[in-house]
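The next block holds one structure in the form of structure tokens; read it before the comments.
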Amino acid sequence: MQVVRSHQSHRSFSSSSGSVSASPTLPLYRSAPELEVRLEDFESFAIDRLRVLKGISDGLSRGKKPDEMEKLVNELWKTNMRHQDSSQVLNKDIISHFVLRLVYCRTEELRKWFLSMESALFRHRFRNQTAEAQRAIMEEFDLPCKAVSNAEFESLKEKLGQVARSIGHNLSLSTTDAIYYKVPFEEVPELVTGRKVFINQGYAYVAMNQVVSLVATIFRSLLSKALILTNRKWATSIREQEQHRLTPIVEALCSSYLGPDFSQPKEYGEISLKDIDQVAKSSFPLCMRHLFEKLREDHHLKHAGRMQLGLFLKGVGLNVDDSLAFWREEFSKKVGLEKFEKEYAYNIRHNYGKEGKKTDYTPYSCQKIILSTPGVGDHHGCPYRHFGEENLRAALSRMGVNSRAMEDVMGKVRNRDYQLACTLTFEALHAAPCDAGINHPNQYFSDSQRLLKAKKDSST
Amino acid sequence: MTRQGAYKESDDMLIDEPKLPQQGQIAALPNEFNPSYLKIYYSKLFPHADLYRWMSYGNDGKHPACDSSYLGRREFSYTLDNDIFVRYNTFNSATELENSIKDKCPLKIDIGPIYNLNPAHRNAYAGDNVLTPVERELIFDIDMSDYDDVRYCCSGADVCLNCWPLMTVAVKVIDTSLRDDFGFRHILWVYSGRRGVHCWVCDRKARRLSNEQRAAVADYFRVYKGNENNYKKVSLMGQVLHPFLARSYTEVLKEYFETKLLTSQNLLSSEERYEKILEMIPDQSIASELRGKWQESRRSSSAKEDINIVRWEQLKQLLQKHKAQGVRRCVEEIVFTYTYPRLDMEVSKHMNHLLKAPFCVHPKTGRVCVPINPNNCEEFDPTTVPTLIQLLEELNREGLRSDVEGEWNKTSLANAIKLFRSSFLQPLLKICKEEMESSYNAKLQQSKNLLSW
């Protein structure tokens, strides 16, 4: 792949060698394409694909059923992987995949995640290919499957039905279920092993959904090997060579937060100081509630906590004057007015872009908060990650989470799905679903306010 | 091993050298296994040439396409006197093989895999894992002691005609599946000499299966998952049985259970025994009902009908019309538990697993490991398999008569060797030659095509 600056001419080949031989719409990503890519496209294509993968990840963590996932994947793909030039759609697909390989090859955990999501994506897309394309892909993967002729199917229908029922797949009369492939039994040991196929004269008769599994498994193992190689190449040469161009983009990509950044709340002054205590109880996520309570209790917060809470409040709509008043009220109880003005006020104004280089800082996303490392005396970070189980339970029950939801939340915590835990908390407290999941404390806040407002409006 | 020509004094001496026990003495020392008897066995009876021809798989040097290194890459191991175990014996010709066995007189000969290189040279190469198996028959080992929890006539090493049908069932079920389902044709079943059977699948495809593929086949056959802590050792899930299990049940298991094992093992005649079966019924009320019925009538009402059969009918009656499938399925689960083959998974899964060669003599029983014909395995009787002493006696009696086939043809070993040749070796070698011929011709054609432009 050749990355070029935008002012250079954008030449691209209509098909890329090695990746498209099998199916016209589903590349197998066997080898890096010979394409030229604009630098902006390098990043934006990858971000679009990342949205798809993160959407899949979210859907899977929430335990969505296969048909729901099917819909979700289709929607995600349609929404994000479009291109105004239809001939470029396939290139975007391929380029975005290879860029993300660079991003996600670098640690074991990243590789595992990427592997799972790309495999899931592949599995869904494979299902929706035409029979011909599927056969071409199977051939590419050295799976010598032959479609079972109608005549043979009829003669074996009963036995095939028995096998399907014996493993709990009800053979309906839909057309996809009647598609079987014949393959030498030694090619599919994983299916022979559990008696999941009908075997006759050395051939295993594989149902369509089993074929998908096989193909996905091969895809996964090929990608896994490729990622290891990519990592090696990255570490030994690419990262160094590209340190001024692609490397910073690649390194930023995997921790990118992809939602709105809440840096410009729609209306400042939406939240007034006198409401703040009440609003904290009803609509703050646990991380901010905790910081807020500690601030009220100790009349002090360390720097990281001030940043996390302060920027959150900015995102919530607290203007700079109200913010100063708020912090002053608390801090002056501990350090006195003068010290506050001297040492703390400046920073607060800095956060609003009123001082120094005047950057308007954006409130932290969940991802960023989860990755922080609170130490002794700190109260920032993500409680779902950083609190011990007992403390977390206590904090949640103070918020009003009932015991059943509590167990679900703790389950997610144990699984390290912190954002999901927060989402479940939100859902339990507001008695309403949060389908998009919590990705940002300010999102929690605005969703919460919206729901409460709607409830108030409907009841009056 | 043919003894042609006039009888000589020295010949007589050779046979008589180690003293064979007289007729009366046999009763006193039933199966005395004497290494010197083994020497005679290897010298006159053991089918060296047949073993060589089998192991060569057609690579006997008579065809240009023969691989001269083939035999030499096969491992043979010997168990010698004093428990000495020698691995990685290899041979490059029929004579080498024969002379080695006659010379070393192993108590047991094991056959290993064919390696990528001659194992005798394994230390000449640097690095670990330089020796890798590349071909090996697909093998199965079924041992009667794995059925101890479902047979009452014997236990451990013993075997009798009441429990031997379990082996018959195993041969029938596995053999049918290997042929009909997996498409294999060259299958050798061998009596293990004491309490079980071995199976050698020798098709080319089978020899080239990877460990993973072997494990898959072994697992396809696996049903019994018992251990001490689980009283329910067979669990047949799913709305219906997989066609392989269904066929095994209707064609073999049901019949053997109901007409043979139920009565020969008295599976329901005593409380201790029927409790084990009642334990497997998930519906407590049915189990209690049966228990109650059986505790009352300790004898069957009609003297003609066997009590086991009567009780089994009663059990089936209650279970088969139950509305829950899990309960109805229990009937099959019981039958599977008491009859379905129990394979040793480890033997089949690994290419480098050693297995005893056919025609060895079992040191504890003196019996020869003879082939079993799967087509009439129900007639196989382990108690009449020729023993070493019996064979030597027969040799003694027939001693002076010469036989063009070999000494073995004068003994009870004749049938075993003939069966080995006709039902297994000859068809196998024929196919090997054909495959060699056709691949050779294909290569010739290829090179002709390359040259012909």
Side-chain angles (χ1 to χ4, degrees), chain A residues 141-146 148 152-173 177 180-207 209-211 213-214 217-218 220-222 224-225, chain B residues 135-136 138 173-174 176-187 201 203-225 234-250 325-326 329 332-333 336 340 343 345 348-349 351:
Chain A
F141 279 165
D142 284 330
L143 263 183
C145 286
K146 268 194 311 217
V148 170
E152 196 178 3
F153 178 73
E154 284 303 315
S155 71
L156 294 174
K157 201 158 79 164
E158 202 185 312
K159 295 257 164 61
L160 295 175
Q162 281 177 337
V163 176
R165 283 181 7 248
S166 77
I167 50 177
H169 291 155
N170 288 314
L171 189 73
S172 71
L173 294 169
D177 281 346
Y180 272 80
Y181 287 91
K182 198 166 142 164
V183 66
F185 78 87
E186 64 269 19
E187 303 289 339
V188 291
E190 60 269 77
L191 295 176
V192 171
T193 240
R195 288 189 293 266
K196 300 197 179 90
V197 281
F198 177 66
I199 303 182
N200 189 267
Q201 288 307 322
Y203 283 94
Y205 290 79
V206 186
N209 60 346
Q210 293 171 321
V211 166
S213 265
L214 286 173
T217 305
I218 296 177
R220 198 195 161 104
S221 99
L222 288 171
S224 175
K225 294 192 188 105
Chain B
E135 273 190 31
R136 207 271 189 275
L138 174 61
V173 168
I174 304 289
T176 307
S177 183
L178 287 172
R179 286 175 207 274
D180 293 354
D181 300 347
F182 291 95
F184 293 125
R185 309 243 277 278
H186 304 283
I187 304 173
V201 185
D203 297 56
R204 193 158 179 274
K205 188 156 131 164
R207 294 183 338 244
R208 290 166 166 229
L209 292 176
S210 68
N211 285 355
E212 191 197 355
Q213 292 162 335
R214 283 157 206 268
V217 177
D219 223 65
Y220 176 87
F221 290 138
R222 189 171 183 221
V223 169
Y224 179 79
K225 292 186 180 168
V234 168
S235 184
L236 299 172
M237 311 295 269
Q239 281 175 26
V240 301
L241 294 183
H242 184 282
F244 158 62
L245 297 181
R247 178 191 67 211
S248 304
Y249 181 76
T250 50
Q325 200 211 303
R329 183 59 64 70
E332 284 96 335
E333 284 175 344
F336 271 81
Y340 185 84
L343 307 174
M345 295 283 139
S348 309
K349 282 181 183 177
M351 280 176 95

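Given the structure is predicted, the values throughout are model-derived calculations rather than measurements. Within every chain, numbering begins at 1; the chains are lettered A, B, ... in the order of the sequence lines, protein sequences first and strands thereafter.
Checked against ring pair (Phe, Tyr, Trp, His ring centres under 6.0 Å), A:Tyr181 has no partners two or more places apart in sequence or in another chain. Here A:Tyr205 pairs with A:Phe198 under the ring pair (Phe, Tyr, Trp, His ring centres under 6.0 Å) rule; sequence neighbours left out.
Only the side chain of B:Leu209 comes within contact range of chain A, with heavy atoms under 4.5 Å apart. Contacts of B:Ala215 with chain A are made by backbone atoms alone, with heavy-atom separations under 4.5 Å and no side-chain atom involved. Only the side chain of B:Leu245 comes within less than 4.5 Å of a heavy atom of chain A; its backbone N, CA, C and O stay farther away. Interface residue B:Phe244: only side-chain heavy atoms are found under 4.5 Å from chain A.
A pairwise comparison of heavy atoms in B:Val173 and B:Ser248 identifies CG1-OG, 3.6 Å as the closest pair.
Between chain B and the options A:Glu186, A:Gln162, A:Lys159, A:Glu190, the largest number of non-hydrogen pairs under 4.5 Å is found for A:Glu186. The greatest number of non-hydrogen atom pairs below 4.5 Å with chain A, out of B:Glu212, B:Lys205, B:Arg179, is found for B:Lys205.
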Exercise for review: I would like to know whether A:Phe185 and B:Phe182 meet ring pair (Phe, Tyr, Trp, His ring centres under 6.0 Å); could you show each step before the answer?
Suggested key: CA-CA 8 Å; A:Phe185 78 87; B:Phe182 291 95; 4.8 Å; yes
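Counting only N and O atoms by type, the side chains of A:Gln210 and A:Ser213 include no donor and acceptor under 3.5 Å apart.
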